[in-house]
Engineer: 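What follows is a structure written as structure tokens; I'll ask about it next.
A, B, ... follow the sequence lines: proteins, then strands. Residue 1 opens every chain. Quick caveat, the model's predicted, so the values are computed rather than measured.
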Protein chains: 2
Amino acid sequence: MASSARQTARTRQSPRERPAKPPLSREAVVDAGLRVLRDHGIDGVTMRAVAGEVDTGAASLYVYFPNRPALLDAMFDEVAAKIDLGPEPDPERWREQLVGLLNRIVEGMDDYPGIARVPLANPPTGPAAAQIAERTLALLAAGGVDDRSAAWFIDIVFLFVNATAYETSILVAEGAEEGEVGARIEEQLAQLDSDQFPHFARLLPVITKGSGEQRFNFGLRLMIDGLLHTEPPDL
Amino acid sequence: MASSARQTARTRQSPRERPAKPPLSREAVVDAGLRVLRDHGIDGVTMRAVAGEVDTGAASLYVYFPNRPALLDAMFDEVAAKIDLGPEPDPERWREQLVGLLNRIVEGMDDYPGIARVPLANPPTGPAAAQIAERTLALLAAGGVDDRSAAWFIDIVFLFVNATAYETSILVAEGAEEGEVGARIEEQLAQLDSDQFPHFARLLPVITKGSGEQRFNFGLRLMIDGLLHTEPPDL
DNA sequence: ACCTGAACACCGTTCAAGT
DNA sequence: ACCTGAACACCGTTCAAGT
């Protein structure tokens with residue numbers, strides 16, 4: 001805020017009034033981590049790489065995070081925080097609102113290759129994730145969905161959301177060009193069609209047809225339709 | 001094949017006729033990998049650890065696999081090969097047969113913590129995985145499910161199966177005792193219930209209620225019910 | 001053809017020593 | 001209180017040298 005703007009360390013000027021780079025902080029480390037993640041994917045997020053991004057050594061990060069998983073958890077919540085929750089639940093439009101929110105979650109993670117592995121490996125505990133869960137439950141409540149069904153549905157649908165985000169972002173990160181996957185599929189087909197795998201061979205072209213987004217939304221349709229046609233679980 | 005068998009270097013006996021450990025092979029490496037996986041989880045499957053299991057150095061493995069991911073792919077297919085496909089599809093019982101098969105897939109992966117990350121990260125190409133897909137499609141066909149719906153359903157349900165297996169096996173591997181997860185959840189609750197997260201606070205106990213198996217089967221019920229009540233996708 | 005030891009370029013994490 | 005360099009105990013992979 002003050003005139004304490006940072007400058008390169010080599011051109012030292014007035015020796016006072018020079019905080020140089022802003023003092024390291026949890027937030028600064030998380031932001032650095034997100035930059036590394038965006039460019040190099042989840043496996044590129046090493047303590048050394050993140051530290052390098054804020055011009056320090058890996059050991060310095062341990063002041064703010066006890067270990068790498070803790071940093072990744074914080075990064076995930078920051079990604080979650082960027083997701084638009086959308087309008088307040090409207091009982092007339094709850095379903096499309098819900099589908100919209102779930103699509104935005106996947107899209108929000110698409111820019112950060114592999115981040116979806118974090119909530120998959122252990123349940124998120126951050127505030128942004130809690131807000132998303134709250135909004136999702138509110139939408140289900142607006143739709144008149146039974147509490148017990150809603151409770152289990154949210155678990156299941158987030159598993160689906162995270163798995164979708166992980167799979168698609170990994171494919172993107174591996175630089176899979178448009179036809180890449182299709183090509184590998186055709187190899188497979190060539191090797192094992194014949195009459196040993198009749199259904200598989202017949203449907204392989206259909207399986208890979210359509211975008212990931214279309215398949216994801218077909219999945220959501222199945223689950224929500226199922227929710228409206230199934231008895232609540234016995235608890 | 002000849003009598004050129006190696007023997008433990010210290011107790012050399014009749015110099016011929018001693019195959020000692022079977023000569024290294026793809027299969028032997030995969031089996032060694034599975035032993036390491038079962039005991040130490042997916043992140044414990046290092047090239048050095050697998051090599052040590054067959055009493056050689058990491059470099060030796062590169063004769064059989066070009067890199068670690070290729071070994072993991074082969075290990076996954078071996079896990080898939082152990083899964084019982086169950087009885088031939090019966091149009092009268094296709095739904096319970098399908099649910100049974102999908103449950104066995106998750107159970108089959110539960111003994112190998114984290115293996116489910118392999119099919120999640122890139123589509124399986126092995127023969128055992130193909131057989132499982134074939135059987136799944138055959139069951140859907142027996143149920144009279146439309147081809148296009150079946151094609152997308154299998155994609156979606158395997159994503160769900162793999163994500164479930166990954167999540168549960170990781171929790172188990174981290175040594176989460178019975179109440180472990182519940183405890184962390186209560187921390188969360190204590191921190192953020194109040195009126196900021198009314199739905200979430202109210203439903204958190206329900207969300208974690210029931211076993212992973214029950215939640216998984218509720219998810220399958222939603223998807224299959226949805227499949228029977230939804231129009232096939234436009235392709 | 002297969003195996004090996006040693007090396008290279010990395011990791012996460014710790015810790016004594018600095019400020 | 002925070003930062004740091006160096007170290008420790010690891011990684012995946014390569015390669016020259018052996019058999």
Side-chain angles (χ1 to χ4, degrees), chain A residues 4 6 9 12 15-16 18-30 32-33 36-37 39-75 114 117-118 121-122 174, chain B residues 1-10 12 15-16 18-30 32-33 36-37 39-75 114 117-118 121-122 173-174:
Chain A
S4 62
R6 94 204 76 26
R12 70 208 136 82
R16 69 163 169 78
R18 294 243 357 278
K21 56 185 177 184
L24 212 45
S25 65
R26 269 184 70 95
E27 197 187 50
V29 173
V30 167
V36 175
L37 174 58
D39 293 345
H40 305 298
I42 191 79
D43 290 328
V45 181
T46 66
M47 299 305 266
R48 280 170 171 85
V50 175
E53 191 75 14
V54 287
D55 223 41
T56 182
S60 301
L61 305 184
Y62 289 82
V63 177
Y64 303 97
F65 298 94
N67 48 44
R68 182 172 176 269
L71 169 56
L72 294 180
D73 281 348
M75 285 168 55
R117 197 168 71 196
V118 172
N122 47 352
E174 281 175 355
Chain B
M1 221 34 130
S3 62
S4 63
R6 94 204 78 24
Q7 44 214 232
T8 54
R10 37 203 111 274
R12 69 211 138 83
R16 66 163 172 80
R18 295 249 350 284
K21 58 182 180 186
L24 211 46
S25 65
R26 269 184 71 96
E27 199 188 48
V29 173
V30 167
V36 175
L37 174 58
D39 293 345
H40 301 99
I42 190 81
D43 289 329
V45 181
T46 66
M47 299 305 268
R48 280 170 172 85
V50 175
E53 191 76 13
V54 287
D55 224 40
T56 183
S60 302
L61 304 185
Y62 289 82
V63 177
Y64 303 97
F65 298 94
N67 49 42
R68 181 172 176 269
L71 170 56
L72 293 180
D73 281 348
M75 286 169 55
R117 197 168 70 196
V118 172
N122 47 352
E174 282 175 351

Engineer: Say you draw a straight line from OG1 of A:Thr46 to CZ of A:Arg68; how long is it, rounded to the nearest 0.5 Å?
Structural biologist: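 A:Thr46 OG1 to A:Arg68 CZ: 7.5 Å, rounded to 0.5 Å.
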Engineer: Heavy-atom distance under 4.5 Å between the side chains of B:Val118 and B:Met75, does that happen here?
Structural biologist: no
Engineer: Is it the case that the side chain of A:Arg117 and the backbone of B:Ala121 share a donor-acceptor pair, with hydrogens and angles ignored and the cut-off at 3.5 Å?
Structural biologist: no
Engineer: Determine: side-chain N/O of B:Tyr62 to OP1/OP2 of C:dA1, distance under 4.0 Å, yes or no.
Structural biologist: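 For B:Tyr62, the contact criterion (side-chain N or O under 4.0 Å from OP1 or OP2 of C:dA1) is not met.
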Engineer: What distance do A:Ile42 atom CD1 and A:Leu72 atom CG have between them, rounded to the nearest 0.5 Å?
Structural biologist: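 With rounding to 0.5 Å, CD1 (A:Ile42) is 4.5 Å from CG (A:Leu72).
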Engineer: Whole angstrom is fine here: how far is it from CE in B:Met47 over to C1' in D:dC10?
Structural biologist: 16 Å
Engineer: With a non-hydrogen cut-off below 4.0 angstrom, is A:Thr46 in contact with a base, only sugar-phosphate, or nothing?
Structural biologist: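 Sugar-phosphate, no base atom in range.
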Engineer: Applying the Watson-Crick and G-U wobble criteria at under 3.5 Å, what pairs with C:dA9? Answer none if nothing qualifies.
Structural biologist: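 Per the H-bond distance test, none.
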Engineer: For A:Phe65 and C:dT13, give me the distance from atom CZ to atom C1', rounded to whole Å.
Structural biologist: 16 Å
Engineer: Under a 3.5 Å cut-off for both contacts, is D:dC3 paired Watson-Crick or G-U wobble with anything, and if yes, with which nucleotide?
Structural biologist: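 Its partner: none found.
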Engineer: For B:Ala49 and for A:Arg48, locate the closest nucleotide of DNA chain D by heavy-atom distance; then report the residue assigned to the nucleotide nearer the 5' terminus.
Structural biologist: A:Arg48
Engineer: I need the CD1-P distance between B:Ile42 and D:dC11, as an integer number of Å.
Structural biologist: 14 Å
Engineer: Going by purine N1 to pyrimidine N3 plus the second Watson-Crick contact, or the G-U wobble pair, all under 3.5 Å, which nucleotide sits opposite D:dA17?
Structural biologist: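 No nucleotide pairs with D:dA17.
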Engineer: In this structure, how many angstroms lie between the C1' atom of D:dG12 and the CG atom of B:Leu72, rounded?
Structural biologist: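 So the two atoms are 12 Å apart, to the nearest Å.
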Engineer: If you assign each of A:Gly44 and A:Ala59 to its closest nucleotide in DNA chain C, which residue comes earlier from the 5' end?
Structural biologist: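 That would be A:Gly44.
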Engineer: Could you tell me if the side chain of A:Asp73 sits less than 4.5 Å from the side chain of A:Phe65, heavy atoms only?
Structural biologist: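 They are not in side-chain contact.
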Engineer: Report the distance from atom CG of B:Asn67 to atom P of D:dC11, rounded to the nearest whole Å.
Structural biologist: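 In whole Å, D:dC11 P and B:Asn67 CG are 17 Å from each other.
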Engineer: Could you state the atom-to-atom distance from CG of B:Asp55 to P of C:dC3 in whole Å?
Structural biologist: 12 Å
Engineer: Looking at every strand, decide which applies to A:Tyr64 at a 4.0 Å heavy-atom threshold: base, sugar-phosphate, or nothing.
Structural biologist: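 Answer is sugar-phosphate: A:Tyr64 comes under 4.0 Å of backbone atoms only.
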Engineer: Without decimals, in angstroms, what is the distance between A:Leu71 CG and C:dC11 P?
Structural biologist: 14 Å
Engineer: Between P on D:dA9 and CG on B:Asp43, what's the gap in Å once rounded to a whole number?
Structural biologist: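 To the nearest whole Å, that distance equals 21 Å.
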